[in-house]
2 protein chains.
Amino acid sequence: MERPRNISRVVDGVDRVDDLVDRRPPSVTLTEVAQRAGVSRATAARALGGYGSASAAARDRVLAAAAALGYRPNLPARNTRNGTTTTVGVVVADIASPFFGQSTRSISDAAKAAGLEIMVLNTDEELEAERAAVHLLLDQRVAGMVVAAASRTDGRHLAQAQAEGVPVVLLDRRVIGLDADRVYADNGAGAALAMAELIGQGHRRIGYVSSAAGPHGHPPGAPLVVDELVSSGGDRIRAYLAALAEVVDEPTRYLALCPFGEEAAYAATRELLARPDRPTAVFASDSVIALGVLRAIADAGFAVPGDVAVVAGDEPAWSRVTTPPLSTVTQPVAALGRAALELVTRRLADPTSPCTDVVLPTTFQARASTGGSVGA
Amino acid sequence: MERPRNISRVVDGVDRVDDLVDRRPPSVTLTEVAQRAGVSRATAARALGGYGSASAAARDRVLAAAAALGYRPNLPARNTRNGTTTTVGVVVADIASPFFGQSTRSISDAAKAAGLEIMVLNTDEELEAERAAVHLLLDQRVAGMVVAAASRTDGRHLAQAQAEGVPVVLLDRRVIGLDADRVYADNGAGAALAMAELIGQGHRRIGYVSSAAGPHGHPPGAPLVVDELVSSGGDRIRAYLAALAEVVDEPTRYLALCPFGEEAAYAATRELLARPDRPTAVFASDSVIALGVLRAIADAGFAVPGDVAVVAGDEPAWSRVTTPPLSTVTQPVAALGRAALELVTRRLADPTSPCTDVVLPTTFQARASTGGSVGA
DNA sequence: TTGTATGCGTTATCAT
DNA sequence: ATGATAACGCATACAA
């Protein structure tokens, strides 16, 4: 029962503080501060901005006037004048997803420490939305942007941002042909470790469920070009296929590239499990995919790890509360975000130095979901 | 092994697009568009802005010129002139937490549909950080803000925003004495349903683990004033205590208000479970708390629901992949975010109408973690 | 319909 | 050390 209601005077049992209403935007300007302090705007600006020179007496009067009036600078005006802002754009697929949520949080923390704010834009992995987001950020005159690019092959909008002097830092994903600072985890190495574990336990029919092919998945039958997938996913898949190629003839047999989201992963996993020669292990590319994979296995009536072993390609917060606990590949998400923002500020400070790759290590965290050797 | 390395010329096996560099910010201005179109700035502005009047011929020439030059408006300049922006501030405890992550995402979606962007600021439940965030947003001249207030009792900074003509919408939490539009879920009703279920199954020693007392928890021994807790948590606790008061003498006996975060919840739960008369059920206030609760129960060697039944006060994405699946109180998170943004735009359109409360329904989702009746 | 002229609040140059 | 003055790019009242 939704019950919108109007409450006018009484809130939480307490009378409204009426005298706050209708007090029009004070919006004290620099001019008013200067007048009250009895100096020119230029002097007031210098005193407040702490640049140029101003006598101690003048500075004191200005600061006192500013405090008395409750002066707060008008940032859009300042930004107009300066030609740039203190805002950093963050462009990701979905701020509500665990990986991007955490990275964005840590970007935000690092930004705050550097005196910057962030503007977050979601793309849902749609290139068109990403283009719009980047252009919006350029119009906003952001100081820089951190982008988890939806397309590995089309970075023209990002190159344009760079051309306009706006630093672009690629997070989690590389873009072909774009010379930008990048920060990502060594997902290939992590996946290789996980595969080594599974193969060492005797698994050969190992499934892989991933949304690396973008929002719409990978059309069955279409040629698969791993190099065109989002690089983080592509790196994992490449490692998966390489490991599998060592021990089986047809490594792509159980590779399922689905649209992104838990439900798509669920469906893809059900399909894998319905095959007569079903996989004995499944690699889930990330936390969200893992949810679908686990539910599909349970609904199909299989046990983990007895019937199907499971590994997740990154670390869900809930990895230790499933039964059995989930084996994962962990990546240092907070460090990725911090590094991304650091690269932005570095490039701001030195726009011409060669681009940097920051590649952070991943580790394989063995838990009970890859618990034993293969039975059947 | 972190291995930062510098790559200069070759990226992903493809040569750098060199001619993109050093192409200085084109930053085409309205003036240039007007010149190229052979009209005045005013005419160009009208044609581009689609207001006032302009002949079809002039408009065409202006639009053509704008397209040819790649004109993009300078938003800070526009905002300076207009005195406001198209940005909505979102102030929450932690964008990386599931509830705020999802709400923020849905606020963002609704904002985009309304032609607005969001600027996200985290407070970690610290009032001081919230004040700074609100002031920053005011300086940025945001069009409005959505705030999940850290303090139920101190909303002066929010009142100031209102006084400056900036709409403030309270999300998830009410603030005493602040007459603002609000949107929140009926958490009390949800908690009551969950408690009814537990009590109906015979549970009497029901624990409650919550971070509603803010970032530092509730000092043991200090008087507990439920009315001063964050309202969403307070509503749940009130319902919990009311239900318990019907059947036991000392309803506050198992109420554990811990600092926020999984680890604090873990510790609090371990303490509850170590008591000689340990609880037979535990209510976890939210998803993050639930993680700590479940791990604590497992580590203490108890089974769910056999030894301890568990309910979570909101719906974690992973509620169906635990063993057993977790009983939850669900709230319509996406709808909350949408409603919040809608209230912002409504108040923008009509600054004087009485404030609105949007209270959305919660439901109790029974799963196996509250599976049976009480044994011991 | 169109152009002129002015202002938004800030920063910064350049005389004094 | 200080103040007058000019920008920044855009929007708009008003005159033509």
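In what follows, chains carry the letters A, B, and so on, assigned in the order in which the sequence lines appear, proteins first and then strands, with residues in each chain numbered from 1. Everything numeric in this text was worked out from a predicted model, so none of it was measured.
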Report all interatomic pairs (protein N or O, nucleotide N or O of nucleotides 12-14 of chain D) with separations under 3.5 Å.
| unit_1 | atom_1 | unit_2 | atom_2 | d |
| --- | --- | --- | --- | --- |
| D/dT12 | O4' | B/R81 | NH2 | 3.1 |

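Between the side chains of B/S106 and B/S103, no donor N or O sits under 3.5 Å from an acceptor N or O. The closest side-chain donor-acceptor pair between B/D350 and B/T352 falls under 3.5 angstrom.
Residues from residues 59-67 of chain B lying near DNA chain C, meaning a heavy-atom separation below 4.0 Å, are absent.
B/N79 has its CG atom 10 Å from the C1' atom of D/dC10, to the nearest Å. Separating the CG atom of B/L30 from the P atom of D/dA11 is a distance of 7 Å, rounded to the nearest angstrom.
The side chain to side chain donor-acceptor pair (under 3.5 Å) analysis of residues 110-125 of chain A, with sequence neighbours excluded, yields the pairs A/T86-A/E117, A/T87-A/E117, A/E117-B/Q140, A/N122-B/S108, A/D124-B/R105, A/E125-A/R173.
From the 5' end on, the contacts that DNA chain C makes with chain B at under 4.0 Å to a non-hydrogen atom open and close at C/dT1 to C/dC8.
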Legend entry - Residue pair B/D172, B/R182: steps toward the salt bridge (charged side-chain N to carboxylate O under 4.0 Å, His left out) verdict: CA-CA 8 Å; B/D172 184 57; B/R182 310 185 293 194; over 6 Å; no
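When atom types are taken as modelled, the side chain of B/E32 and the backbone of B/T29 share a donor-acceptor pair closer than 3.5 angstrom. Panel note: side chain A/D109, backbone A/A111; no donor-acceptor pair is recorded below 3.5 Å.
Taking the side chain as every heavy atom from C-beta outward, A/L138 and A/V166 approach each other to under 4.5 Å. Here the side chains of B/H135 and B/Q160 are in contact, with some heavy-atom distance below 4.5 Å. Side-chain contact between B/D154 and B/R131: present, with at least one pair of heavy atoms (C-beta onward) separated by less than 4.5 Å. With a 4.5 Å cut-off on side-chain heavy atoms, A/R346 and A/P167 do not count as touching. For the pair A/N79 and A/R141, the minimum side-chain heavy-atom distance is 4.5 Å or more.
Two residues, B/T80 and B/S40, neighbour DNA chain C, and the one matched to the more 5' nucleotide by heavy-atom proximity is B/S40. Along DNA chain D, the nucleotide nearest to A/A58 and the one nearest to B/R72 differ in position, and the one closer to the 5' end is contacted by A/A58.
Here B/P73 lies in heavy-atom contact (under 4.0 Å) with sugar-phosphate atoms only. Across all strands, B/S53 comes closer than 4.0 Å to base atoms (heavy-atom distances).
Taking five base pairs at each end of the helix from C/dT1-D/dA16 to C/dT16-D/dA1, the local helix axes there meet at an angle of 40°, rounded to 10°.
Taken to the nearest 0.5 Å, the CG atom of B/L336 stands 10.5 Å off from the CD atom of B/Q102.
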Just distance, no hydrogens or angles: give the donor-acceptor pairs under 3.5 Å from side chains in residues 68-77 of chain A, sequence neighbours left out.
| unit_1 | atom_1 | unit_2 | atom_2 | d |
| --- | --- | --- | --- | --- |
| A/R72 | NH1 | B/D139 | OD1 | 3.1 |
| A/R72 | NH1 | B/D139 | OD2 | 2.7 |
| A/N74 | OD1 | A/A77 | N | 3.0 |

